[in-house]
Enquirer: 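Below you'll find the structure I mean.
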Amino acid sequence: MLSAIGANSIEDLFAHLPAEVRLNRPLDIAPGKSEYEIVDYFKARGEENANGYASFLGAGVYHHYRPVLVDTVVSRGEFLTSYTPYQAEIAQGTLTTIFEFQTMICQLTGMEVANASMYDGSTAVPEAAMMAMRITGRDRIVVARTVHPEYREVLATYAQHQGMPVAECGYRRDAGTLDEDDLEKRVDEETAAVIIQSPNFFGIVEDVRRAAEIAHRRGALLIVVFAEAVSLGLLEPPREADIVAGELQSFAISPAYGGPFAGIIATKEKFMRQMPGRIVGETKDSRGNRAFCLTLATREQHIRREKATSNICTNQALIALMATVFMTVYGKEGLRELAEQNLAKAHYLAGKVPLRFSGPFFNEFVASTNGRAPDQVNDGLLKKKIIGGLALGRFYPELENAMLLCATEMSRREKMDAVAEAFQG
Amino acid sequence: MYPANFHYTKEHEWVRVEGDVGVVGITDHAQNQLGDIVYVDLPKTGTRVEQGKTLGSVESVKAVSDIYSPVSGEVVEVNDTLATAPEKLNEDPHGEAWLVKIKLSAPGEIQQLLSAEDYQNYVAAEESKH
Amino acid sequence: MIRKVRPHINQNEPLLFERSSPGKRGYQLPALDVPAVDAAAVLGGRNTRAEIEGFPEVSEVEAIRHFTRLSTHNYAIDLGLYPLGSCTMKYNPRVNEQVARIEGLAWAHPYQPESLSQGILEVMGALEKMLAEITGMDAVTLQPAAGAHGEFTGILLIRALLESRGNPRKKLLIPDSAHGTNPATATTAGYAVENIKSNARGMVDVEELAKSVTEDVAALMITNPNTLGVFEENITRIAEILHAKGAMVYMDGANMNALVGIARPGDFGVDVMHLNLHKTFSTPHGGGGPGSGPVAVKGPLAPFLPTPRLQRVGSRWTWNYDLAQSIGRVRAFYGNIGMHIRALAYILAHGGDGLRNATKDAVLNANYIRTLIEPYYDLPHKAPTMHECVFSDDRQSKRGVRTGDIAKRLIDYGFHPYTVSFPLIVHGALMIEPTETESKDELDLFIDAMISIAQEVEENPEVVLKAPHDTRTSRVDEVTAARKPVVRWKPESTSGKAAD
């Protein structure tokens, strides 16, 4: 190869690099390891983490069973080792699954169009807010304090340089739902969008219709966020929303200490051209067969550059495929049955601990620790290899003696009984 | 090719004056450069536009081009058929596929635009650069 | 002659919704060990849905056949050379997939106690340290989810630092050869964009740049090697010009595969950069993600890094949320950890020397392709090639054949096309990046294919213009897709064509 190039050594190929940019020593990284050593290293790291614990943590990341088929499909090299399907003729596999994904997201959310995925739920929120700014020509955002606190932090990071003032709307201290009177006061003719989450961070189902009515009366859009996608197996979809921004981690995506997950944005057809991210569309090939391709690319950064709807390029295609396989395996009946099991488990556990809020909840809820610090309850549980709930004080100082507990189809009755017992102890 | 009663810009728009209204479109050269046009983004009726400022955009599958208004004034009519049939811009850019009608606020601006002959020469010079 | 492929049968597959029939199921849930609950009673009748209208109902066998058949409609690295320039389509080692699925790592909850998360934090800490060593920078955040997200983070860091010095400034300078994400990022971070023209050698014109660097400029966003695969030889001078005016240098690390072990951005004046773990560090592209876009910075920018920061206190890892100057969070939790695990596995497998050798092989492969196809294709910029080379369709376009047509014809030869029509500064660009993954045999097949296509253009351009011929899907009508967007399946829209 070198003789074909006309070089004496590979080093010659770097000879044009100025001396002052060259690294004149080896990298300070240990010599390469064998496959066996690598597996061993990571197994040891896994052992240092919580192993074999039952967990009642939710708060945006849920322990749901991952059907075996999910990894079987995403391990196929044809899906795993391909890239963004720019060349439609040899990417129909990926394109078709994305089209199915978009369709199922529409069916789940009650929206008319969905994109091919965003990084995650938290970044889908500011992207949805910026989309609402473009649509309405307004710049103010009102977000409910019952939206995931970390999603709101991400929104704040994006908003500060967009000239996008963000106001927060409080929640009802009895019900745990957003305070509609406060919302009425905060929404005005400059509001681009109202952002609510349902089920909200406390696990409680919000009144989407009422929020939509308040937003729409002032010409603002309603953005509905979801973090627990399984809830959509049972809950009425947020049809009154203008934009839905969600997180699909619940659909067979490993918790993986917080990522990679996959977010989505879905909306009405009339707002499609303001949507960020990749979109797959149906068309035909030159022989007249149905085919799919990336479409409406002119919204995107590689064409519109500084005027693009977003700077997003790579998304979460393989993770979206996991969600697609999950939705396929469970299907119409399965997702409902799964949601019903989650509901039943959470209500079983909730029946045995003091509830902080009275609003209707899906698979997580806030429990009062009766004047004790949540850590006190949790420390006792850890000894029994149970990870308890999330102490809420770090996000809501007024809830320092409360924790967010989540139960899913994977929560066993005897473990839930142990949690209930710890509350009494 | 280029109607003699139109006035042209170097950004490849045309305007035809009907009384105090200018009918605005893009030239055959422009549509040809863009290829298959898939979407046209136009302002709403009532929008005030300025000569040389962005009026909207036209899109092909892999490109977006801004349309610059050849005249100043208020948009009084928008060609709605382009919303559902953008291909008309490829088929009849100087006729059926006009973009907007603008009530002229400074009719004198027309004098700064190119004649058909000047525009034709300009396009020919552009093409010979490639 | 087409030596690499011959057609084989692969199966049609309808959409899930067309495959579906009522009552079929592919799952089995365990029996409920607690009392069932009436959903309408506890949630309220108007909050519950009757059913998910249109959702698929298929058996497990139908599901696996569906996705397996569809997978055979894809090209992939596992099938051969995938020379998409700037995307660095290298082999994705399977051991990385296995270790990312180890239970203690894959099932770690981001809110579980730190005392029960030391293993995963050690992985992140080790990766941060190695990426700092590879880039020559002082601190690394793993939080950004992808390259463009890393750009956004990096530019916010620059803004925060400049703001702390009294003036965030107004604009970013971006070379005309840059990825589209750069200008899009600038807007998202609230900056105006000024384009910088490249010179005839395809590099930033230093004199022109100097004129543009004013007190209004916050930073230059530069890709090095740039998108022509050319190393910006004046990079240290460029950095001096920016620094002299109090501006910063942001480096898009998309092309870091050309530098690892050879040169470090931290040593040539870069203040902040992102890496694409799915490019240089072999995490799978997955049909378009997930990626991961760590950001590496020099010391003065470190106080502004996203919340929280991983830190070592005594013998424990812990998250520090007490960061007064931080730009805040750019995403929930801590990043795409699954990708961090894979990238660390890649680095451990290679070691320092192995990483350097990978870089050398990647540059060797690109130069080999450049040399052998240069007689047949126009090479507009003659500067030395690093990890990728960019040709133009100048000669072929005289026969009416464009870069997009040559790309489609490559498919018939059994290859994924190169990157088409990018960078924008080359008219009709063919951007080819082989990576270190490829053997001489595979490269020779590709070179033969490129030469053969060049000959076809001369002798029979029609065969190129109508390509691909042998794929199950022929040229796709993207115009109709964009004019009349159909972006979800509807029962009425596709009835009667269930056989695809």
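Naming convention: chains lettered A, B, ... in sequence-line order (proteins, then strands); numbering from 1 in each chain.
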Enquirer: With heavy-atom distances below 4.5 Å as the criterion, would you say the side chains of Glu100(A) and Phe17(C) are in contact?
Expert: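 A side-chain contact exists here, since the closest heavy-atom pair is under 4.5 Å.
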
Enquirer: What part of Leu234(A) gets within 4.5 angstrom of chain C, counting heavy atoms only: side chain, backbone, both, or neither?
Expert: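 Backbone plus side chain of Leu234(A), per the 4.5 Å heavy-atom cut-off to chain C.
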
Enquirer: Between Ile262(C) and chain A, with a heavy-atom cut-off of 4.5 Å, which part of the residue counts as in contact: side chain, backbone, both or neither?
Expert: both

Enquirer: Between Pro67(A), Pro26(A), Ala91(A), which has the largest tally of heavy atom pairs under 4.5 Å with chain C?
Expert: Ala91(A)

Enquirer: Please classify the contact of Ala482(C) with chain A as side chain, backbone, both or neither, using a heavy-atom distance under 4.5 Å.
Expert: both

Enquirer: What part of Glu340(A) gets within 4.5 angstrom of chain C, counting heavy atoms only: side chain, backbone, both, or neither?
Expert: neither

Enquirer: Would you confirm whether the ring centroid of Tyr158(A) sits within less than 6.0 angstrom of the ring centroid of Phe152(C)?
Expert: yes

Enquirer: Non-hydrogen atoms of chain A under 4.5 Å away: do they reach the side chain of Ile411(C), the backbone, both or neither?
Expert: side chain

Enquirer: Go through the atoms of Thr324(A) and report whether side chain, backbone, both or neither lie under 4.5 Å from a heavy atom of chain C.
Expert: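 Both backbone and side chain.
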
Enquirer: Mark yes or no for whether Glu37(A), through its side chain, and Ser34(A), through its backbone, hold a donor-acceptor pair below 3.5 Å.
Expert: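 Checked: pair present.
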
Enquirer: What part of His109(C) gets closer than 4.5 Å to chain A, counting heavy atoms only: side chain, backbone, both or neither?
Expert: both

Enquirer: Thinking salt bridges, do Asp285(A) and Arg475(C) make one under a 4.0 Å N-O criterion?
Expert: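 Looking at Arg475(C) together with Asp285(A), the answer is no, because their closest N to O distance does not fall below 4.0 Å.
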
Enquirer: Taking Lys332(A), Glu48(A), Lys33(A) one by one, which has the highest count of heavy-atom pairs under 4.5 Å against chain C?
Expert: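 Heavy-atom pairs under 4.5 Å are most numerous for Lys332(A).
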
Enquirer: Let's test your reading of the structure: which of Leu108(A), Leu382(A), Leu296(A) forms the most heavy-atom pairs below 4.5 Å with chain C?
Expert: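 Counting heavy-atom pairs under 4.5 Å, the top option is Leu108(A).
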
Enquirer: So, Tyr119(A) versus His149(C), ring centres under 6.0 angstrom or not?
Expert: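 Ring-ring flag for Tyr119(A)/His149(C): true, centres closer than 6.0 Å.
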
Enquirer: Evaluate the criterion ring pair (Phe, Tyr, Trp, His ring centres under 6.0 Å) for residue pair Tyr82(C) and Tyr83(A); output intermediate values, then yes/no.
Expert: CA-CA 9 Å; Tyr82(C) 205 127; Tyr83(A) 198 23; 7.7 Å; no

Enquirer: What part of Thr181(C) gets closer than 4.5 Å to chain A, counting heavy atoms only: side chain, backbone, both or neither?
Expert: both

Enquirer: Measuring heavy-atom distances to chain C, does Arg336(A) have an atom under 4.5 Å in its side chain, in its backbone, in both, or in neither?
Expert: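 Contact with chain C: side chain only.
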
Enquirer: Where does Val74(A) contact chain C at under 4.5 Å (heavy atoms): side chain, backbone, both or neither?
Expert: side chain

Enquirer: With a 4.5 angstrom heavy-atom cut-off, which part of Tyr91(C) approaches chain A: side chain, backbone, both or neither?
Expert: neither

Enquirer: Would you mind checking which part of Arg46(C) comes under 4.5 Å of any heavy atom in chain A, side chain (CB onward), backbone (N, CA, C, O), both or neither?
Expert: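 For Arg46(C), backbone and side chain are both near chain A.
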
Enquirer: Below 4.5 Å, heavy-atom pairs only: which of His63(A), Gln92(A), Gln107(A) has the largest tally toward chain C?
Expert: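 The option with the most such pairs is Gln107(A).
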
Enquirer: Charged N to carboxylate O under 4.0 angstrom, Lys43(A) versus Glu47(A)?
Expert: no

Enquirer: Could you tell me which portion of Val280(A) (side chain, backbone, both or neither) has an atom closer than 4.5 angstrom to a non-hydrogen atom of chain C?
Expert: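 It is the backbone, since no side chain atom gets that close.
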
Enquirer: Using non-hydrogen atoms and a 4.5 Å limit, figure out which bit of Ser117(A) sits close to chain C: side chain, backbone, both or neither.
Expert: neither

Enquirer: Which region of Ile38(A), side chain (C-beta onward) or backbone (N, CA, C, O), has a non-hydrogen atom less than 4.5 Å from a non-hydrogen atom of chain C, or is it both or neither?
Expert: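 Looking at Ile38(A), backbone and side chain both touch chain C.
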
Enquirer: Go through the atoms of Asn315(A) and report whether side chain, backbone, both or neither lie under 4.5 Å from a heavy atom of chain C.
Expert: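 Both parts, backbone and side chain.
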
Enquirer: I'd like to know if Arg278(A) pairs up with Glu300(A) as an ion pair, taking the criterion as any Lys NZ or Arg NE/NH1/NH2 lying under 4.0 Å from an Asp or Glu carboxylate oxygen.
Expert: yes

Enquirer: Sort Met130(C) into side chain, backbone, both or neither according to what part of it lies under 4.5 angstrom from a heavy atom of chain A.
Expert: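 Both parts, backbone and side chain.
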
Enquirer: What part of Thr295(A) gets closer than 4.5 Å to chain C, counting heavy atoms only: side chain, backbone, both or neither?
Expert: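 Interface part for Thr295(A): side chain.
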
Enquirer: Considering only heavy atoms, which portion of Ile387(A) lies under 4.5 Å from any heavy atom of chain C: side chain, backbone, both, or neither?
Expert: side chain

Enquirer: For the pair Phe422(C) and Tyr86(A), evaluate ring pair (Phe, Tyr, Trp, His ring centres under 6.0 Å) and give the outcome as yes or no after the intermediate values.
Expert: CA-CA 13 Å; Phe422(C) 185 85; Tyr86(A) 299 116; over 10 Å; no

Enquirer: Tell me, side chain or backbone of His416(C) under 4.5 Å from chain A's heavy atoms, or both, or neither?
Expert: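 Both parts, backbone and side chain.
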
Enquirer: By a 4.5 Å heavy-atom criterion (distance strictly below it), what part of Thr371(C) contacts chain A: side chain, backbone, both, or neither?
Expert: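 It is the side chain, since no backbone atom gets that close.
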
Enquirer: What part of Ala349(C) is in contact with chain A, defined as an atom under 4.5 angstrom from a non-hydrogen atom: side chain, backbone, both or neither?
Expert: both

Enquirer: State yes or no: are the ring centers of Phe79(A) and Phe67(C) separated by less than 6.0 Å?
Expert: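 Between Phe67(C) and Phe79(A), which both carry aromatic rings, the centre distance is not below 6.0 Å.
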
Enquirer: Would you please classify the geometry between the Tyr330(A) ring and the Tyr27(C) ring as parallel, tilted or perpendicular, with 30° and 60° separating the classes?
Expert: tilted

Enquirer: Can you tell me which portion of Val205(A) sits under 4.5 Å from chain C's heavy atoms? Options are side chain, backbone, both or neither.
Expert: side chain

Enquirer: Using non-hydrogen atoms only, which part of Leu84(C) is less than 4.5 Å away from chain A: side chain, backbone, both, or neither?
Expert: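 For Leu84(C), the side chain is the part near chain A, not the backbone.
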
Enquirer: Measure Asn92(C) against the heavy atoms of chain A and call it side chain, backbone, both or neither at under 4.5 Å.
Expert: side chain

Enquirer: Has Arg287(A) got a side-chain atom pairing as donor or acceptor with Asn289(A)'s backbone, closer than 3.5 angstrom?
Expert: no

Enquirer: Where does His148(A) contact chain C at under 4.5 Å (heavy atoms): side chain, backbone, both or neither?
Expert: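 It is the side chain, since no backbone atom gets that close.
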
Enquirer: Could you check whether Arg45(A) makes a cation-pi contact with Tyr41(A), meaning its NZ or CZ is under 6.0 Å from the centre of the six-membered ring and within 45° of the ring axis?
Expert: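 Output yes; distance and angle both within limits.
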
Enquirer: Evaluate the ring planes of Tyr334(C) and Tyr257(A), with Trp represented by its six-membered ring, and classify them as parallel (under 30°), tilted (30 to 60°) or perpendicular (over 60°).
Expert: parallel

Enquirer: Kindly say whether Thr94(A) contributes a backbone atom to a donor-acceptor pair with the side chain of Thr97(A) at under 3.5 angstrom?
Expert: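 Yes; judged by distance alone, with no hydrogens or angles, the pair exists.
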
Enquirer: Under the 3.5 angstrom rule, does the side chain of Asn276(C) hit a backbone N or O of His278(C) as a donor-acceptor pair?
Expert: no

Enquirer: Need one label for Leu443(C): side chain, backbone, both or neither, based on atoms under 4.5 Å from any heavy atom in chain A.
Expert: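 Just its side chain gets close to chain A.
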
Enquirer: In terms of side-chain geometry, is the basic nitrogen of Lys345(A) or Asp33(C) positioned less than 4.0 Å from the acidic oxygen of its partner?
Expert: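 Salt bridge flag = yes for Asp33(C) with Lys345(A).
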
Enquirer: So if I apply the side chain to side chain donor-acceptor pair (under 3.5 Å) rule between Glu89(A) and each of His73(C), Lys408(C), Arg472(C), which one comes out positive?
Expert: Lys408(C)

